[in-house]
Amino acid sequence: MDINRYSPSYGINRKHFTKLADFTTEELFEFLYATKAMKAKFAAHEKTYILQGVTVALLFGDTSLRMRSALEIGIRQLEGTCVSLPYNDADMQAGENIKDIADVIARYGVGALVTRSIGQRKLDDFCTVSPISVINSGNEDFNPLQTLGDLYTIWEKKGKLEGLKIAYVGKGENVAASLVMGAIKCGMEVAVATPPEYCIKNEHLTHAEQYGKIMLTYNPVEAVKGADVVYTDSYLYHTAVSEKERDILKPYQVNNALMAFAAHNAVFMHPLPASRGIEVTEDVIDGKNSIVLDQGENKLHVIKAILALLIK
């Protein structure tokens with residue numbers, strides 16, 4: 001389906017946002033058009049009062065500079081208020097759970113709970129009974145909010161989604177799983193190159209392949225050939241990488257030699273933080289074809305779009 005032929009209604013009949021598999025192509029387009037509208041309002045310095053009188057709670061199990069900043073700033077730009085809840089693994093293991101948390105904070109007037117590093121199974125179970133919207137800003141399985149911003153950035157830079165080829169190279173973790181699902185639902189051609197030791201989970205690939213064919217390879221050159229978008233992720237985020245792991249991942253580094261196999265006007269993407277010289281070279285991520293900073297900026301606008309469409 002061509003996003004440019006879609007007529008948005010700027011409405012979503014859903015409460016939660018935890019994984020892209022839950023949404024139809026049309027619903028993803030609604031989010032992307034709402035993101036476009038939010039960015040236009042931001043550029044025009046137009047006031048938006050969508051969250052006036054609404055409090056959004058953040059329950060983060062790890063740090064995230066850009067995600068937390070974009071959330072707090074975006075909520076304020078929509079005239080809402082934001083509160084950070086203390087999160088402690090020991091509390092959760094001792095019997096605290098997000099259902100009890102959300103049931104109570106809903107009585108405080110909180111309109112949505114944005115989580116990070118809360119397990120997907122726990123989120124799925126909780127969403128069936130939650131009185132307020134739950135938004136997953138990233139866990140070990142998925143990073144749907146990041147992907148939605150990435151898809152908007154590709155649309156903004158390339159003018160379309162359908163028919164473009166995106167190649168993901170590197171470690172097949174949460175960002176890769178969400179990216180594959182989102183891209184294939186939007187009509188993109190998807191290629192994935194990971195080492196055998198770091199493949200995307202089979203269950204995630206099998207689910208995504210219901211919507212289209214995914215090229216899977218261990219050869220990064222094969223994946224990148226003719227790609228319009230080349231994407232990689234950090235190997236070091238929150239975890240140390242051993243010398244053995246670095247050796248395994250070294251052939252998957254995105255450098256000028258690898259980018260030469262992509263389309264002549266291919267763009268490079270990375271969700272940040274990036275380790276220059278590890279998963280990507282400095283000349284690529286800081287080069288003229290990098291749209292990494294656009295991704296970072298658009299995270300703000302996609303967050304506002306999600307909050308605007310979900311919070312009733």
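Taking 4.5 Å as the limit, every side-chain heavy atom of R76 sits out of range of all side-chain heavy atoms of I73.
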Test K19 against D141 for salt bridge (Lys or Arg N to Asp or Glu O under 4.0 Å), laying out the working first. CA-CA 9 Å; K19 59 184 185 295; D141 280 308; over 6 Å; no
Where do K158 and V267 land on the side chain to side chain contact (heavy atoms under 4.5 Å, CB included) test, with the steps shown first? CA-CA 9 Å; K158 292 291 188 179; V267 295; 4.1 Å; yes
Stepwise side chain to side chain contact (heavy atoms under 4.5 Å, CB included) test for E140 and N174: CA-CA 6 Å; E140 66 178 21; N174 62 344; 5.8 Å; no
Evaluate side chain to side chain contact (heavy atoms under 4.5 Å, CB included) for V254 paired with H270, printing each intermediate quantity in order. CA-CA 10 Å; V254 179; H270 191 300; over 6 Å; no
Check step by step if salt bridge (Lys or Arg N to Asp or Glu O under 4.0 Å) holds for K160 and D2. CA-CA 8 Å; K160 64 177 183 176; D2 184 356; over 6 Å; no
Is there a side chain to side chain contact (heavy atoms under 4.5 Å, CB included) between L20 and F142? Walk through the geometry before answering. CA-CA 9 Å; L20 297 185; F142 304 113; over 6 Å; no
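Within a 6.0 Å sphere centred on NZ of K15, heavy atoms belonging to other residues, nucleotides or ligands number more than 12. Annotation for F261: atom CZ does not count as buried by contact number, only 12 or fewer foreign heavy atoms lying within 6.0 Å. The 12-atom threshold is exceeded at CG of N4, counting heavy atoms of other residues, nucleotides or ligands nearer than 6.0 Å. Heavy-atom neighbours of K250 NZ from other residues, nucleotides or ligands within 6.0 Å: at or below the threshold of 12. Within a 6.0 Å sphere centred on CD of E282, heavy atoms belonging to other residues, nucleotides or ligands number 12 at most.
A side-chain donor from one of T281 and D283 sits under 3.5 Å from a side-chain acceptor of the other.
Because its NZ or CZ atom is both nearer than 6.0 Å to the ring centre of Y198 and within 45° of the ring axis, K171 counts as a cation-pi partner of that residue.
For the pair D294 and K157, the salt-bridge criterion is met [side-chain N within less than 4.0 Å of a carboxylate O]. Using a 4.0 Å cut-off between a side-chain N of Lys or Arg and a carboxylate O of Asp or Glu, R107 and D103 do not qualify as a salt bridge.
Two rings, from H301 and Y152, have their centers 6.0 Å or more apart.
When L58, L300, I135 are each tested for a side chain to side chain contact (heavy atoms under 4.5 Å, CB included) with L71, only one passes: L58.
Expressed to the nearest 0.5 Å, how far CE of M181 lies from OG1 of T147 amounts to 10.5 Å.
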